[in-house]
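Everything below concerns the one structure shown next.
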Amino acid sequence: MRVHSLRALGVLGTVTAPLLMATPALSQETDSATGLIIAEGWQVVSANCTVCHSAQLVTQNSGSRNHWQGLIRWMQDTQGLWAFTPEMEDTILDYLATHYGPKAGARRPAAGPASVAAAAQSLQDARDNQRQHPGVARRGGGGRH
Ligand code: HEC
């Protein structure tokens with residue numbers, strides 16, 4: 001476990017750091033009640049994502065921003081999850097994609113080129129994601145009420 005996560009950190013450091021602006025802190029504190037990593041947005045996630053099921057479901061999952069958004073849409077469409085404002089959803093997705101992002105080596109056989117592909121894919125997902133929102137009040141937020 002320890003070796004595994006050290007390797008993951010190494011991969012994160014070399015592969016995603018140049019791509020993403022924010023480099024995750026090396027020693028991450030977790031909330032003792034939920035197990036969520038304490039970082040910007042964690043309280044929003046804690047308040048909204050541990051109501052129907054344990055936070056473990058969240059912390060054991062991982063994936064790109066797109067993956068998380070898909071899960072949220074699914075829960076909204078079929079499980080009674082409430083709607084978020086675009087700002088709130090951004091906070092939640094930023095938090096999840098940053099701290100519970102695609103795992104290097106989790107489903108892919110090897111680190112290295114595959115991880116680079118994974119990182120590129122998640123960037124691509126992020127862009128697709130933004131493209132899917134032409135009508136949502138993302139800029140300004142003053143257009144709708
Ligand atoms: C209104 C209730 C509700 C809320 C609030 C909720 N979920 Fe869920 N979620 C569910 C249900 C129901 C399931 C299916 C549980 C199961 O399969 O045991 C689920 C499953 C999941 C799963 C597992 C999906 C899988 O593929 O197995 C994840 C991850 C998840 N939720 C994340 C979140 C996150 C992140 C939030 C906050 C944005 C959230 N949930 C808020 C109802 C909710």
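Residues: numbered from 1 along the sequence shown. Since the structure is predicted, the reported quantities are computational estimates derived from the model, not experimental observations. The analysis underlying the following values was restricted to heavy atoms, covering all of them including side chains, and did not include hydrogens, waters or symmetry mates. All ligand and atom numbering here is 1-based and tracks the order in the structure.
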Establish whether Met88 and Tyr100 are linked, either directly or via other cluster members, by ILVMFWY side-chain heavy-atom contacts under 4.5 Å.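 Yes, Met88 and Tyr100 fall within the same hydrophobic cluster.
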How far apart are the C-alpha atoms of Arg65 and Asp90, what are their side-chain angles, what is the distance that settles it, and do they pass the side chain to side chain contact (heavy atoms under 4.5 Å, CB included) test? CA-CA 10 Å; Arg65 199 179 159 92; Asp90 265 356; 2.8 Å; yes
I want to check something: taking the side chain as every heavy atom from C-beta on, are Phe84 and Thr91 in contact at a cut-off of under 4.5 Å?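 Counting from C-beta outward, Phe84 and Thr91 never come under 4.5 Å.
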Would you say Gln76 has more than 12 foreign heavy atoms packed within less than 6.0 Å of its CD?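 More than 12 heavy atoms, drawn from other residues, nucleotides or ligands, come within 6.0 Å of this atom.
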My understanding is that only residues two or more places apart in sequence, or in another chain, count here; which of them pass side-chain hydrogen bond (donor to acceptor under 3.5 Å, both in side chains) with Thr59?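 So Thr59 forms no side-chain hydrogen bond (donor to acceptor under 3.5 Å, both in side chains) with any residue.
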So, the side chain of Ser46 versus the backbone of Trp42: is there a donor-acceptor pair under 3.5 Å, distance only?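 Not confirmed, Ser46 side chain does not pair with Trp42 backbone.
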Are there any N/O pairs under 3.5 Å between ligand 1 and the protein, and if so, what are their distances?
residue	atom	partner	partner atom	Å
ligand 1	7 (N)	His53	NE2	2.8
ligand 1	9 (N)	His53	NE2	2.9
ligand 1	31 (N)	His53	NE2	2.8
ligand 1	40 (N)	His53	NE2	2.7

